[in-house]
Amino acid sequence: MDQFSQSPMQQHELIMRQMVEQIHLGKLNLDQAAVQFEVNRKTVRHWVNKVEKEAQTNRQMASEQPDLPPTPKKAALPRSPLQGEDQHELRAKVHALEEELEEAKFKALYYSTIVKVAEQELGVDIEKKSATKPSDSCS
């Protein structure tokens with residue numbers, strides 16, 4: 001019933017965020033989402049990019065650190081005097097850590113999307129407010 005009190009624009013945004021959530025959960029691909037939500041593929045891509053950018057911004061604000069440049073998928077490791085076996089072991093560790101990082105990024109994006117959808121559906125502020133704001137009660 002709360003959906004009727006929302007503006008058409010808020011309803012559209014909520015629907016698009018739900019669509020992105022379905023894509024991130026792997027339940028839909030871009031083409032399937034376009035058909036199911038009756039929008040074109042460009043609109044689906046736009047909303048996926050928008051939600052991912054919001055998630056990245058939220059992560060940056062949460063960490064209060066400048067964003068590091070993305071690491072290339074297959075970065076060439078500098079040659080070192082290590083034995084071939086040691087290099088192979090280190091490369092395997094780097095690869096495993098890169099996979100963990102990608103999974104962590106996906107989870108952060110997923111949870112950010114879930115929070116946004118829940119906030120819009122329930123109208124409840126879920127995310128913690130910034131502690132740097134001066135409170136009105138302290139005068």
From CA spacing to verdict: side chain to side chain contact (heavy atoms under 4.5 Å, CB included), Glu54, Lys116: CA-CA 10 Å; Glu54 285 176 2; Lys116 289 278 186 194; 3.9 Å; yes
Side chain to side chain contact (heavy atoms under 4.5 Å, CB included) between Asn49 and Glu52: does it pass, once the steps are laid out? CA-CA 5 Å; Asn49 289 340; Glu52 288 174 354; 4.2 Å; yes
Show the numbers, then the answer: is there a side chain to side chain contact (heavy atoms under 4.5 Å, CB included) between Trp47 and Val39? CA-CA 11 Å; Trp47 275 94; Val39 294; over 6 Å; no
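Hydrophobic clustering (ILVMFWY, side-chain heavy atoms < 4.5 Å, transitive): Leu28 and Val35 are in distinct clusters. Leu14 and Met19 are members of different hydrophobic clusters when ILVMFWY side chains are connected at heavy-atom separations under 4.5 Å. A continuous path of ILVMFWY side-chain contacts below 4.5 Å connects Val51 to Leu30, so both sit in one hydrophobic cluster. No continuous path of hydrophobic side-chain contacts links Val117 to Ile15 [ILVMFWY only; heavy atoms under 4.5 Å]. Under the 4.5 Å side-chain heavy-atom criterion for Ile, Leu, Val, Met, Phe, Trp and Tyr, Val115 and Leu109 are members of distinct hydrophobic clusters.
Within the structure, the side-chain hydrogen bond (donor to acceptor under 3.5 Å, both in side chains) test picks out the following pairs touching residues 25-34 (sequence neighbours left out): Asp31-Arg41.
Enclosure of atom CD in Glu99 by more than 12 non-hydrogen atoms of other residues, nucleotides or ligands within 6.0 angstrom is indicated. Counting heavy-atom neighbours within 6.0 Å of Tyr111 OH, excluding the residue itself, gives a total of 12 or less. Shown here is His95, whose NE2 atom has no more than 12 heavy atoms of other residues, nucleotides or ligands within 6.0 Å.
By the 4.0 Å N-to-carboxylate-O rule, Glu103 lies close enough to Lys107 to be salt-bridged with it.
Residues Gln18 and Glu121 meet the side-chain proximity criterion, which asks for heavy atoms closer than 4.5 Å. Looking only at side-chain heavy atoms (C-beta outward), Val48 and Arg45 come within less than 4.5 Å of each other. Within the 4.5 Å cutoff, the side chain of Gln120 has heavy atoms near those of the Arg17 side chain.
Scanning for side chain to side chain donor-acceptor pair (under 3.5 Å) contacts around Ser112 gives Asn58, with sequence neighbours left out.
Between Phe106 atom CZ and Leu25 atom CG the span is 6.0 Å, to the nearest 0.5 Å. With rounding to the nearest 0.5 angstrom, the CD atom of Gln36 is 9.5 Å from the CD1 atom of Ile23.
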